[in-house]
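Scroll down for the structure; my scribbles are underneath it.
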2 protein chains.
Amino acid sequence: MRSDARANRDRVLAAAEEVFGEAGGAGSTEEVARRAGVGIGTVFRHFPTKQALVEATVVRHLTLLADTARARGEAADAGAAFRETFREMVFTAPAKIALLALLEVPAGEAVAAATVLREAVADLLSRGQQAGEVRVDATVSEVYVLITALANVRGDRAVLERAVGVVLDGLSPQAS
Amino acid sequence: MRSDARANRDRVLAAAEEVFGEAGGAGSTEEVARRAGVGIGTVFRHFPTKQALVEATVVRHLTLLADTARARGEAADAGAAFRETFREMVFTAPAKIALLALLEVPAGEAVAAATVLREAVADLLSRGQQAGEVRVDATVSEVYVLITALANVRGDRAVLERAVGVVLDGLSPQAS
DNA sequence: TATTATCCGGAGTGAAGACTCCGAATGAGA
DNA sequence: TCTCATTCGGAGTCTTCACTCCGGATAATA
């Protein structure tokens, strides 16, 4: 792979993360090309389809999240680790496109990345439960639903913050 | 207004509720026309713009929700009234398009309808708080955010049900 | 029934956007 | 430096979709 090719690929991916993070699936490939400072042809050589481009972006982001989640799993305070990861997934802007992988027909790599992340969350959840910091009747399914639901909210950050607080309270052992 | 005109208008509106309820803003006007058993021209005569059609649908639905919410406000058990309304707003399928009114530039009538509903929810909330069934530090803002966030979740009904349960627990007085 | 204002249907228009194609440019090895 | 396989750029194609237009149909009224 030629050096300029690799550089362009990276710039396209970064631009895609920006565009889809802002506009969701409605973002156009032309806009991605413009922000990457690249022709449309270049975008489509690296990613033969818009779907493929979106997927690559999602995979990159999910992998990143899974890594930090796993790293936090080693931490001492299991409850804090769980809550921090929850917050990060909700607030990290490009996470908002994670749903695209679910709404559209998800392809192989995206599914794999999503599974890895989900397992990391499951691990944090059960550690939190064992530490007595998370209610024991909660399953990964609803935790995941709550995360993705909140991740798609646009609007006042402060309000979202309070909403997350309410949900985390609902996940505490006292709430059950 | 001629009788056939009124009948067609109603059928279009019903079809729109279906289509947008399923596909969101991505639903096409042609599909609406087809399901209404009507030509495209007819759709556009009654609603000069797709935006107008979406709005009319949203207004109709918001108004309906506001009515039931207000009716429930009279009920004896303030806590139950609040929770029921919360659930209804999350689960009623076409509610899922309520966000369209927020994402797009919302016009006069839609804003009015949304405001009415929001006030009805605010009323139920404060009654619930006075009855000691809802935590007093919760404001309408985050309650609304939680509702719309959950309303946009697609997928397993049972999981969503449990997620709603967690959130309602988080809104109980014990959780604060 | 006759008249007509109103309404209907759907082919047609224009814009937007995903994707293709190929001549020009360029990185890397001889 | 020279050569050429690789990559780039962006004009052009094709499809989709919102929206228009008007000849034909139809409800309401006398």
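To find a chain, count down the sequence lines: A is the first, B the second, and so on, and within it residues start at 1.
Residues that satisfy the side chain to side chain contact (heavy atoms under 4.5 Å, CB included) test with A:Gln174, not counting sequence neighbours, are A:Ser172. Remark: B:Arg45 engages no residue in a salt bridge (charged side-chain N to carboxylate O under 4.0 Å, His left out) (not counting sequence neighbours). In this view, B:Arg34 and B:Glu30, B:Glu31 satisfy the side chain to side chain contact (heavy atoms under 4.5 Å, CB included) rule, not counting sequence neighbours. Applying the side chain to side chain contact (heavy atoms under 4.5 Å, CB included) test to A:Asp137 and every residue at least two apart in sequence or in another chain returns A:Arg135, A:Ser176. Residues that satisfy the salt bridge (charged side-chain N to carboxylate O under 4.0 Å, His left out) test with B:Arg83, not counting sequence neighbours, are B:Glu133. Residues meeting the salt bridge (charged side-chain N to carboxylate O under 4.0 Å, His left out) test with A:Asp156, sequence neighbours left out: none. Among residues two or more places apart in sequence or in another chain, the salt bridge (charged side-chain N to carboxylate O under 4.0 Å, His left out) test is passed with A:Glu142 by B:Arg162. Among residues two or more places apart in sequence or in another chain, the side chain to side chain contact (heavy atoms under 4.5 Å, CB included) test is passed with A:Gln130 by none.
Within the structure, every pair that satisfies the salt bridge (Lys or Arg N to Asp or Glu O under 4.0 Å) test and touches residues 63-80 of chain A, not counting sequence neighbours, is listed here: A:Asp67-A:Arg70, A:Arg72-A:Glu84, A:Arg72-A:Glu88.
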Contact pattern, 5' to 3', of nucleotides 13-23 of chain C - B, S or - by protein heavy atom under 4.0 Å:
-----SBB---

Per-nt protein contacts along nucleotides 25-30 of chain C (heavy atom under 4.0 Å; B base, S backbone sugar-phosphate only, - none) come out as -BSS--

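Two residues are said to be in side-chain contact when any heavy atoms from C-beta on lie closer than 4.5 Å; B:Glu55 and B:Gln51 meet this criterion.
Nucleotides of DNA chain D that come within less than 4.0 Å of any heavy atom of chain B span, from the 5' end to the 3' end, D:dA18 to D:dA28.
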